[in-house]
Amino acid sequence: RAYFYYLLVDHFGAVPLRLNSTQSPIGTALAKSSISTVYEQIVTDMKTAASLVAPISSYTYNGHVSKTAVQGILAKVFLSMAGAPLNDESKYEDAYIYADSVIKSGFHSLNPSYQQIFINHSQEVYDTKENIWEIEFSGDNTGIIRAAGRVGIANGILSGGATYPGYSGGQYNVTKRQYELYLAGDLRRDWCISNVRYATPTGSNTSTEAPVTTTVIYDRQIGKWRRKYEKEPRAQNFNATNFPVLRYADVLLMYAEAYNHLYGLGDGKAYDAVNQVRRRAFGLPVNVAAPTVSVVNGITLATAGNTGYLTSVTTLPITFTGGGGTGATGVATVASTGKDNVGYILTPGNGYTAVPSALIGTPWISNTAYTVGTQVYNGNNLYTVTTAGISTLTGPTNTSGASDAAATGAVFTYAGVKATATPTITTTTVDFTGYSQSNFRDLVIIPERARELAYEGARLHDLKRWGKYVTTMTTLKTEILAASSTTYHYAATAAGNVSARNVLFPIPNSELSINNLVSQNLGW
């Protein structure tokens, strides 16, 4: 009851507060209770619940309300009360206390891998450390019990393939604003925002995956829940992927926000909470200070004169060596002309103090069984295997025609000059430091919550409690009109239509027709 009233008051403002079940269809009209009264009841209910429910250690799953789930949601409730429309700043103390209770419980910690949180959802794996409370889904809506959902289907990467990676209508596209919130090396960007697209060949039931160029933003979709990780067989329209209501990262960010408001940044506790979330985002240990991270951030291909790649091969691996760092990977696409076309960074790596070398494709290796059609490079030359065989210790060096089988084993036919590329590296500040108590929320918490909790249903609520919803949408309209093609200008219209009335939803006409004591919200 408390949680649903929390959703009601957040979306509709003052609502009738019914605490007893309806016994008769006659005389059931109930006037609205004030927003503050509704919140008081929410707090009363949740505090009562906290003393009645079991700790999460009593369960092997997180769809059940546990003690830390109640505490974490109470922290969220108190932050709501501290912000608009109540603006009761005394509630920051309560928000801090309840967020701190979750942290000190010892039951929760950050999953070392941001991506794995959502892969676990798709694979139906419970992670009660990171995910404190989830909305449960089960099955695929066949059989007697129909409890399936559409997480990763309605809000997934566009794909017509019903088997691989699983069908998604790709109904929700992303914005350039969200994309550019992430700095170089932040692994959340290319996970939250799809870095691949799927194409389903005519007559096929499966899709092929290809990376998306960094110049393409507005026609990307949400990539947080990827159907390719689901158990097989995959149904087309329904799945069992859970949706997170409360994650430990959210609790840490709420703690940092409340603590800073109360006590500032002097003792480092607010920094420590948010920096744990930040470090995980860059693939670093969460409890080790990380002033900066140096990553491979881009790659420029040299394609002139290079037309020997087989167009049946869609991507080529990019290997990075040297530069003092590790972990960077990438791929290059092959154009219809047989040229390497565009380079993509798949993982940015870390620790690069100098620009590394980039090797595109698969190197020739001795004593290897090669099949016809395989392409390898040796030195600066690209070769296509035209006669299968086992390579000898002598690699191909010919710059035209075919190699001598007696010398090279398999026959390698010269295909052209190997593709070359120049990477770029970037150093990004990871740990937050140097902010004032007055600007910490706006410059640290507000953008970090957007990065971490993207597409988890938190942003509208956050913007409203901060009093920033209308201005945020107004400026978004300007950005979309300036940065996207006319195809996506409809989104600018939607953003531009937001006004003060949209802070609350309209009371449904069905409610107004049966309850003459309830009036419509202002502006509707």
Worksheet item: Is the OH atom of Tyr490 crowded by more than 12 outside heavy atoms at less than 6.0 Å?
Response: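 Yes, because the 6.0 Å sphere around OH of Tyr490 holds more than 12 heavy atoms from other groups.
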
Discussion item. Does Leu522, at its CG atom, have more than 12 non-hydrogen atoms belonging to other residues, nucleotides or ligands within less than 6.0 Å?
Written reply: no

Fill in: All ring pair (Phe, Tyr, Trp, His ring centres under 6.0 Å) counterparts of Tyr271, not counting sequence neighbours
Phe440

Between [X] and [Y] (judged by ring centroids, cut-off 6.0 Å), do the two rings come close enough to count as a pair?
| X | Y | value |
| --- | --- | --- |
| Phe243 | Trp225 | yes |
| Tyr263 | Tyr96 | yes |
| Tyr3 | Trp133 | yes |

Give a yes or no on whether the backbone of [Y] and the side-chain of [X] come within a donor-acceptor separation of less than 3.5 Å.
| X | Y | result |
| --- | --- | --- |
| Tyr114 | Glu452 | yes |
| Lys67 | Ala54 | no |
| Arg247 | Glu130 | no |
| Asp127 | Asn120 | no |
| Lys224 | Ile193 | no |
| Ser113 | Gln116 | yes |

Practice prompt. Look at the aromatic rings of Phe12 and Phe505 and report parallel, tilted or perpendicular, splitting at 30° and 60°.
Written response: perpendicular

Discussion item. Ring-plane angle category for Tyr6 and His461, please: parallel below 30°, perpendicular beyond 60°, tilted otherwise.
Written reply: perpendicular

Worksheet entry | Arg226/Glu209 ion pair, N-O < 4.0 Å | no

Fill in: NZ/NE/NH1/NH2 to OD/OE distance under 4.0 Å, Asp431 and Arg278
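No, this pair does not count.
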
Worksheet item: With Ser294, which of Asn350, Thr427, Thr426 fulfils side-chain hydrogen bond (donor to acceptor under 3.5 Å, both in side chains)?
Response: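 The side-chain hydrogen bond (donor to acceptor under 3.5 Å, both in side chains) with Ser294 is passed solely by Thr427 among Asn350, Thr427, Thr426.
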
Worksheet item: How would you list all residue pairs meeting ring-ring contact (aromatic ring centres under 6.0 Å, His included) that involve residues 68-90, not counting sequence neighbours?
Response: Phe78-Tyr98

Scan the side chains in residues 325-333 for donor-acceptor partners under 3.5 Å anywhere in the protein, sequence neighbours excluded, and list what turns up.
residue: Thr329; atom: OG1; partner: Thr347; partner atom: N; Å: 3.4
residue: Thr329; atom: OG1; partner: Thr347; partner atom: OG1; Å: 2.6
residue: Thr333; atom: OG1; partner: Val342; partner atom: N; Å: 3.2

Practice prompt. Check Tyr167 against Ser159 and note the closest heavy-atom contact, atom names and distance.
Written response: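 Closest approach of Tyr167 to Ser159, heavy atoms only: CD1-O, 3.2 Å.
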
Worksheet item: Looking only at heavy atoms, what is the nearest atom pair of Val70 and Ala49, with distance?
Response: CG2-CB, 4.4 Å

Worksheet item: Does Trp466 reach the side chain of Glu257, with side-chain heavy atoms less than 4.5 Å apart?
Response: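 Yes, close enough: below the 4.5 Å cut-off.
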
